[in-house]
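Since the structure comes first, as structure tokens, the remarks are kept for the end.
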2 protein chains.
Amino acid sequence: MSTESRTSQPETRDRILDAAERLFVEHGFEGTSMRMITGAANANLAAVNYHFGSKDALIQAVFRRRLTALNEARLAALDRLEAEAGGSPLKPSRIVEAFFGTALALAADTEHGGNLFMRLLSRTYNEPNAFVRQFLAEEYAEVMDRFLGALFRALPGVPRGEVMWRFHFMMGAMSFAIAGIESVHAMAGMPYEADDPSKLLPRLMSFLLGGLRAPLPEFGATDPD
Amino acid sequence: MSTESRTSQPETRDRILDAAERLFVEHGFEGTSMRMITGAANANLAAVNYHFGSKDALIQAVFRRRLTALNEARLAALDRLEAEAGGSPLKPSRIVEAFFGTALALAADTEHGGNLFMRLLSRTYNEPNAFVRQFLAEEYAEVMDRFLGALFRALPGVPRGEVMWRFHFMMGAMSFAIAGIESVHAMAGMPYEADDPSKLLPRLMSFLLGGLRAPLPEFGATDPD
DNA sequence: ATCTCTTTCAAACGTTTGTTTGAATCATAC
DNA sequence: GTATGATTCAAACAAACGTTTGAAAGAGAT
């Protein structure tokens with residue numbers, strides 16, 4: 001049994017990853033049991049521990065499989081921008097698009113489950129689970145460094161602390177953009193007009209760039225009006 | 001035992017609510033066991049079921065205690081604005097400030113644990129737990145209705161769908177603003193310069209208003225640049 | 001056919017989970 | 001004091017949890 005089983009199912013390892021990804025989105029990490037995963041993957045209960053070692057290791061594998069590719073695509077997009085610019089400073093809008101556009105492209109991929117993963121990832125930024133946070137921080141270190149550096153150079157007049165905060169705010173907006181396509185309707189009783197997912201990126205980009213370019217806050221005054 | 005126990009501890013019911021709130025922030029709902037809660041609250045294991053009925057009911061009680069007050073404060077702030085305006089349309093910035101400023105004021109309250117709760121609330125928007133989502137949707141229905149309606153009237157030229165999406169994006173930015181005061185540093189290796197929490201509101205407001213006022217997206221063009 | 005390595009399987013492991021029980025303890029009123 | 005109602009307590013409950021085990025089954029090479 002090298003690539004395909006007796007039936008034409010994918011490898012057990014991949015079936016487990018797919019099932020786990022979907023179930024983590026629906027029920028969270030702690031709300032998803034090994035039996036749910038192996039059941040949905042048509043695998044034996046012991047298969048997770050055999051292929052991955054533990055549940056925590058499986059969680060990491062689910063993330064690594066997609067996150068590595070996503071962040072490499074982000075870095076490649078930034079590389080391309082910097083190569084085109086040839087030393088001259090980048091436009092902030094291009095940097096933002098390289099980071100968030102790449103993410104939303106994956107979130108729009110319903111074919112290979114990228115949308116599921118992005119919903120999982122969005123939620124996990126606020127995950128209390130200690131080792132997941134640690135893992136995400138490591139996985140994001142290089143990308144954050146590169147993109148924040150690019151933004152610092154693109155916005156030389158803006159204090160770095162403000163840039164970082166605004167980048168953080170943008171991450172929040174993106175998180176809700178991805179995770180909340182249905183929650184926004186549920187909360188507001190919206191008619192749910194079957195939003196075109198392709199409209200999400202322009203919508204989000206307008207908002208993000210408006211926020212990024214906004215006048216800097218004035219901390220002193222209490223009522224600037 | 002009417003208000004105080006033999007020692008001068010608060011009522012068991014309140015000790016449980018406080019302990020649960022803190023532990024939910026640190027470990028999430030499923031990651032927090034009844035034994036952790038009652039242990040931290042110096043109460044017997046059966047106390048939660050006696051006072052609240054079940055763990056799920058306790059979760060709801062934790063939310064209701066703070067959320068009702070928060071949303072009432074939001075509605076009161078909006079009432080005040082509308083009374084001052086006396087029929088004329090409100091400034092969008094005031095509406096946004098009434099909604100998000102009220103939340104950040106609670107998030108800045110380290111004295112009575114409001115900051116803990118707001119971190120919990122921010123995370124819970126993306127909670128997969130079905131009954132928690134349902135509960136939040138109900139608890140937010142009126143506030144959403146009022147504030148979205150006010151924004152619709154304040155921005156008559158903007159399609160309602162766009163306003164709703166931007167409000168949703170704003171919620172995401174606020175969520176990260178509150179939940180991520182440390183995660184933004186962890187991810188970017190920021191020097192953690194002991195940010196003044198009082199600066200968070202002006203920071204966030206600038207970003208939100210910039211995003212809200214941004215030019216509307218153009219869906220047709222692929223490269224508006 | 002036999003050996004070797006990988007994968008699958010059913011069963012059980014010891015913990016931990018949320019909840020329930022019935023007696024003990026408390027405060028208060030009669 | 002004694003009865004009443006509310007609260008606390010130690011103990012136990014069945015169910016579910018992640019993990020481990022040792023045997024069975026499969027695949028490929030010699």
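Keep in mind the model is a prediction, meaning the values are calculated, not measured. In what follows, chains are A, B, ... by sequence order, proteins preceding strands, each numbered from 1. FYI, side chains are in, hydrogens and waters are out, and symmetry mates aren't considered; it's all heavy atoms of this structure.
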Separation of C:dC26 P from B:Tyr50 OH (nearest whole Å): 15 Å

Ring of B:Phe207, cation from A:Arg166 - is the NZ or CZ under 6.0 Å from the centre and inside 45° of the axis? no

Taking the ring centre of each residue, are B:Phe176 and A:Phe176 less than 6.0 Å apart? no

B:His51 vs D:dT8: side-chain N/O to OP1/OP2 distance below 4.0 Å: yes

A:Leu17 and A:Leu58: side-chain contact (heavy atoms from CB on, under 4.5 Å), yes or no, with the steps? CA-CA 8 Å; A:Leu17 284 172; A:Leu58 169 63; 3.9 Å; yes

Indicate for each nucleotide in nucleotides 15-22 of chain C, in 5' to 3' sequence, whether protein heavy atoms under 4.0 Å reach the base (B), only the sugar-phosphate (S), or nothing (-). --BBBBB-

When you check the side-chain N and O atoms of B:Tyr140 and B:Arg74, is any donor under 3.5 Å from an acceptor? yes

Are the charged groups of B:Asp18 and B:Arg65 less than 4.0 angstrom apart, N to O? yes

Gap between atoms CD1 and C1', on A:Ile59 and D:dG18 respectively (whole Å): 12 Å

For a quick test of reading the model: is some side-chain N or O of A:Thr12 closer than 4.0 Å to OP1 or OP2 of C:dT7? no

Looking at A:Phe100 versus A:Phe167, is the centre-to-centre ring distance below 6.0 Å? yes

Just how far, in rounded Å, is C1' of C:dT8 from CD1 of A:Ile16? 11 Å

For B:Asn42 and D:dT7, give me the distance from atom CG to atom P, rounded to whole Å. 18 Å

